[in-house]
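Here the structure is laid out as structure tokens; the discussion comes afterwards.
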Amino acid sequence: MKISIPKGTKDILPGEIEKYKYIQKVYANLLENFGFKQIRFPVFEHTELFQRGVGDTTDIVQKEMYTFKDKAGRSITLRPEGTASVVRSYIENGMSSYPQPIKLYYDITAYRYENVQKGRYREFNQLGAEVLGSDSPNADVEILNMLNYFFSKLGVQGLKLHVNSIGCKVCRTKYNEMLKEFFADKLDNMCEDCKQRYIKNPMRLIDCKQEKCSVISKDAPMLIDNLCDSCKEHFENVIRGLDEMNTPYIINKRIVRGLDYYVRTVFEFIAEGIGAQDTVCAGGRYDGLVEELGGTDTPGIGFAMGLERLISTLEKSGFVLPYEKNPVIFIAYIGEKAYKVARKIANELRINGIYCEIDINDRSLKAQLKFADKKNALYNVVLGENEIDTNKAIIKNMSTQEIKEVSIDSITKRIIENKI
RNA sequence: GUGGGUAUAGCUCAGUUGGUUAGAGCGCUAGGUUGUGGCCCUAGAGGCCAAGGGUUCGAAUCCCUUUAUUCACCCCA
């Protein structure tokens with residue numbers, strides 16, 4: 001029986017991995033300019049962290065977690081996202097005594113047990129960041145502005161920022177009552193899911209995609225029109241800040257995030273044409289989460305983006321991501337004696353930071369040069385008895401066909417100094 | 001959890017109304033007279049035709065079951 005890769009996972013091979021590395025590098029550099037420091041946290045945590053952090057009523061916790069018992073019988077879960085872990089770490093390491101606010105970014109894999117489709121995997125890569133200890137709308141604006149710059153720097157096209165405010169506990173309680181009132185006599189004409197939502201989370205009635213439901217909910221009151229004074233002021237400041245920073249956005253009253261911890265500002269960067277799963281990046285404010293997880297009342301805001309979705313979007317934009325590195329020089333040889341010299345030169349180049357290829361399978365000259373061609377080597381040099389005896393060899397530029405005779409002793413120096 | 005598509009070589013795919021040793025292109029390996037690659041030519045390796053069962057003289061092909069995979073719904077990055 002052949003062993004195959006588990007469902008929803010994939011190998012990232014040479015040719016593909018370079019895209020990940022490139023994006024991760026651009027991301028890390030930019031985030032650090034904005035004052036973020038990297039954090040790493042475990043792939044698995046106590047299940048309770050996600051139950052409390054992400055929320056017991058969410059789909060993620062109810063049906064999508066990779067949960068198992070360890071040998072001591074503790075319930076362990078593979079992280080389905082990063083925010084809960086960062087907040088746990090913030091509390092556990094006493095980061096509230098660091099200069100505030102705390103800005104952290106991360107680069108992780110995450111795990112969700114879901115049915116696979118385009119843009120959705122069971123193991124996927126996320127780039128994320130969190131700002132803890134600021135309830136200022138300036139934090140919201142800074143993050144959105146940074147993300148907007150990040151995507152434009154990468155050359156992403158067709159990605160739009162949708163923002164909304166879903167209020168705080170106070171305005172949401174009031175709003176849920178308004179919604180219940182509005183839907184009370186219309187519920188009979190709505191789908192089964194919506195009947196459940198009516199009881200458990202009325203806010204989600206708004207973003208049901210079923211036609212019969214969306215027709216009804218079209219005229220429902222919107223939370224953004226019913227915010228309390230302080231939430232309203234916060235949102236207005238965010239919008240003003242975006243305008244002042246020339247960050248384009250769309251106010252999308254229907255954005256209601258699926259994680260329990262969000263309050264006030266929520267947002268998504270939505271792509272066109274990459275399949276049904278088109279949210280490349282999403283996030284929002286979570287002012288109650290630190291307290292919920294046992295810390296002192298600390299506001300927070302963060303986001304996560306799906307690297308696989310981002311790469312799809314980039315490729316849709318026609319952007320050519322960096323490919324494998326090509327060797328600077330291929331050193332071919334004929335015979336044992338020449339190999340020993342060639343090997344020393346190759347080693348010298350390699351420890352001096354030059355990507356150099358040499359055959360180790362004792363193959364014919366023709367096979368060696370074919371290999372050099374396939375690897376797109378910039379130069380090649382052939383060493384045989386004659387060359388060793390006369391200390392002269394020919395370096396050839398494989399694309400221009402240019403050749404140059406040089407002394408074997410000088411090859412290393414010439415390549416390193418780029419003087420050929 | 002629900003519904004649809006697909007499954008033949010490493011990859012992309014042919015394979016007739018069921019009929020002998022299962023095919024192509026690309027890729028891989030080795031050669032094309034002693035030491036310069038790409039183009040071209042030749043040869044080779046590589047398949048339990050996803051698995052199991054059934055129909056039949058005979059199944060890659062028809063039927064059933066299972067598995068994998070993929071797309072979509074729900075929801076999410």
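Below, all heavy atoms of this structure are taken into account, side chains as well, without hydrogens, waters or symmetry copies. What you see is a predicted model, and the numbers here were worked out from it, not measured in a lab. Letters go in sequence order (proteins before strands), and every chain restarts at 1.
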Gap in Å between the two [atom1] atoms, one belonging to [N] and one to [M], rounded:
N      : M      : atom1 : answer
B:rG19 : B:rG5  : C1'   : 30 Å
B:rU12 : B:rA30 : P     : 25 Å
B:rG15 : B:rU20 : C1'   : 15 Å
B:rC48 : B:rG10 : P     : 8 Å

(request) Would you please classify the geometry between the A:Y27 ring and the A:Y105 ring as parallel, tilted or perpendicular, with 30° and 60° separating the classes? (result)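 Perpendicular.
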
Using a cut-off of less than 4.0 Å, is there contact between a side-chain N or O of [X] and OP1 or OP2 of [N]?
X      : N      : answer
A:K370 : B:rU29 : no
A:R120 : B:rC71 : no
A:K7   : B:rU69 : yes

(request) Establish, from distance only, whether the side-chain atoms of A:E292 and A:Y286 form a donor-acceptor pair under 3.5 Å. (result)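 Result is no, nothing qualifies.
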
(request) Check whether the side chains of A:E348 and A:T412 place a donor and an acceptor atom closer than 3.5 Å, and report yes or no. (result)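 No, because no side-chain N or O of A:E348 sits under 3.5 Å from a partner of the opposite role on A:T412.
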
(request) Scan A:V116 against the nucleic acid and name what it touches under 4.0 Å (heavy atoms): base, sugar-phosphate only, or nothing. (result)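 Contact class for A:V116: base.
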
(message) Applying a 4.0 Å non-hydrogen cut-off, can you work out what A:Y121 is touching in the nucleic acid: base, sugar-phosphate, or nothing?
(response)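 It contacts base atoms.
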
(request) Output the single nucleotide from B:rG37, B:rG35, B:rA72 whose closest atom is nearest the side chain of A:Q117. (result)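 Nearest listed nucleotide: B:rA72.
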
